[in-house]
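Each remark here refers to the structure printed beneath this line.
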Number of protein chains: 2
Amino acid sequence: MYDLVQPRNRIPANTESVDDYLKAILELGGPEEARVTSNALAQHLGVRAASVTGMLQKLALQKPSYVKYEKHHGVRLAPAGKMRALEILRHHRLLERYLHDFLDYSWDEVHDDAERLEHFISERLEDRIAAKLGYPETDPHGHLIPERNGALPPRQEVLLSKWACGVPAVVSSVSDRDSSALREMERLGLRPGVGIKVEAGTRGATVLVRIGSGVEPVRLSERLAAGISVLAGPAPAR
Amino acid sequence: MYDLVQPRNRIPANTESVDDYLKAILELGGPEEARVTSNALAQHLGVRAASVTGMLQKLALQKPSYVKYEKHHGVRLAPAGKMRALEILRHHRLLERYLHDFLDYSWDEVHDDAERLEHFISERLEDRIAAKLGYPETDPHGHLIPERNGALPPRQEVLLSKWACGVPAVVSSVSDRDSSALREMERLGLRPGVGIKVEAGTRGATVLVRIGSGVEPVRLSERLAAGISVLAGPAPAR
DNA sequence: GATCAAATTTAGCCATGCCTAAATATTATG
DNA sequence: CATAATATTTAGGCATGGCTAAATTTGATC
């Protein structure tokens, strides 16, 4: 009787868990692809640091290796891992765009469902969704969607909290992980593409901003401000 | 520091695996909800019989119980299990219909993707998909889609191989699990709703049939015939 | 450079869900 | 109705991916 078991799996296992780790390393490493600590991963993924260590060791042993991991010194994506992470990220952002544009989800509703489905999107489905959307460049929160081959154009985004006072900027993207913050932003008219200017008057970690052509400056809580990224804005209208 | 572990899970675990077993019991039990044997489940699910036994014992111990299981005498769905199975089946069939109607899948392509996604469809997504489709009653293969509350109207379907010779019938549904068979049926014009009549001339388990208004009778292989269900047909046109 | 706190890893455990091999129950047959 | 064939279950493993508790390493401070 034949064995149903696979013959010695050296081929990378693409479990949901592996996907989640790779995507987290991609996101936490940022565009500079900095090393990511076990603690940061643990917090991002909602697991204990010890569990992270175990998984990183496994990922490093894959052939081809998914990550470059040096004990006690954090982890970076290896090419194979980066490729996979970008694929998942592409799925996630395409799904968000699709749920929003074709299935009437609001922008604070898309994240959770996209997060669950992203692991199970076939090449075919990915292609059909992209085609229906007309090969979009961004998701509803302004994040760039990686291309099919993994290409992700760099962008000089900066967190709003790091932006200089008085310099006009444009909202480039907002975090999709906090849906109540998204509803609040919606209410304030804070959307990707909208102009924004930081006013003098920072108190604690809150930020005072003028949004779009708004007359009244608005004070953003730390939580809200932390989710907003901006780019150099248009020359101020005169 | 708080424990991330759930406080003693008496609540039914809805893992993918559990879903698969429940759906298999529903399908194999048929409309009469007959007992299903471990072997039948093992074959349907592609696992060993011993694994089935283990899972059935676990399902029977859930509170509320998912199945009625008597050692050595097969298994039936308990109400909670039936509810969950119908929910998954609804997801599957809605997905097939959606992929087919909105994302240009052919009817032999829909099954695999639906099978993977069916476990991860939120109530919201289920509702939005159903709404976009106009609350459809059947999937692309003619299977009835359970309603949101689990209602599934009974239907007097009979396998083509059991249908009497010469009595006109209508194809009610075809199996979605064999995509090459589906391509073959497509070629023959064998679709749900098409009239069909079994002709004299059964050889082995093959069946000789006249399809729709076709002039030439066609011989269907056992494999093809096994996937076709029919209902009493319209009075023959005269 | 010693010391201490924080970060990280190791060691050992648990549940899930699969496997094989061996035991046992059921069913069919002579 | 005894026995053989078949179906099913038990027993004992294994991999995955969590967990806690106890080392250990790193890096900051005096």
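Throughout, protein chains are lettered first and strands after them, A, B, ... in sequence-line order, and every chain is numbered starting at 1.
- The CD-P distance, from A:Glu16 to D:dG18, rounds to 10 Å in whole Å.
- Here the side chain of A:Tyr69 is nearest to one of C:dT20, D:dT16, C:dT9, namely C:dT9.
- For the pair A:Met55 and B:Val52, both in contact range of DNA chain D, the more 5′-proximal nearest nucleotide belongs to B:Val52.
- Of the side-chain N and O atoms in B:Thr15, one or more sit less than 4.0 angstrom from OP1 or OP2 of C:dG17.
- Annotation: proximity of residues 73-82 of chain A to DNA chain D (heavy atom, distance under 4.0 Å) is found for A:His73, numbered in ascending order.
- Side chain to side chain, A:Thr206 and A:Glu222 fail the donor-acceptor criterion of an N or O pair below 3.5 Å.
- Across the protein-nucleic acid pair, B:Lys71 atom NZ and C:dT26 atom P stand 10 Å apart, rounded to whole Å.
- Regarding contacts with the backbone of D:dG18, every side-chain N or O of A:Ser51 stays at 4.0 angstrom or more from both OP1 and OP2.
- Taking the side chain to side chain donor-acceptor pair (under 3.5 Å) definition, one finds that A:Asp20 meets it with A:His119, sequence neighbours left out.
- Residue-level contact check: B:Ser17 touches the backbone only, with heavy atoms under 4.0 Å from sugar-phosphate atoms and none from bases.
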Report the C-alpha separation of B:Asp178 and B:Ser180 in whole Å, then their side-chain angles, then the decisive distance to 0.1 Å, and conclude whether the side-chain hydrogen bond (donor to acceptor under 3.5 Å, both in side chains) test is met. CA-CA 6 Å; B:Asp178 179 341; B:Ser180 75; 3.2 Å; yes

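- Between the side chains of A:His143 and A:Arg155, no donor-acceptor pair of N or O atoms lies under 3.5 Å.
- Atom pair B:His119:NE2 and C:dG17:C1' shows a separation of 14 Å (rounding to whole Å applied).
- The NE2 atom of B:His72 sits 9 Å away from the C1' atom of D:dA7 (whole-angstrom rounding).
- Residues from residues 36-45 of chain B placing a heavy atom under 4.0 Å of any atom in DNA chain D, listed by number, are B:Thr37, B:Ser38, B:Asn39.
- In this structure, the CZ atom of B:Arg48 is 10 Å from the P atom of C:dA21, given to the nearest Å.
- In this structure, B:Tyr98 and A:Tyr98 have perpendicular ring planes: the angle between them is above 60°, well past the 30° mark.
- We find that NZ of B:Lys58 is positioned 16 Å from P of D:dT9, with the value rounded to whole Å.
- Not a single side chain to side chain donor-acceptor pair (under 3.5 Å) links A:Asp112 to another residue, sequence neighbours left out.
- Between the side chain of A:Arg90 and the backbone N or O of A:Pro146 there is at least one donor-acceptor pair closer than 3.5 Å.
- Heavy-atom nearest nucleotides on DNA chain C were determined for A:Glu70 and for B:Tyr21, and the one closer to the 5' end corresponds to A:Glu70.
- For residues 138-149 of chain B, the salt bridge (Lys or Arg N to Asp or Glu O under 4.0 Å) pairs, not counting sequence neighbours, are B:Arg93-B:Asp139, B:Glu123-B:Arg148, B:Asp127-B:Arg148.
- Here A:His111 pairs with A:His92 under the ring pair (Phe, Tyr, Trp, His ring centres under 6.0 Å) rule; sequence neighbours left out.
- Summarising the geometry, the separation between CG on A:Leu61 and P on D:dT16 is reported as 11 Å, rounded to the nearest angstrom.
- The CD-P distance, from A:Gln57 to D:dA15, rounds to 16 Å in whole Å.
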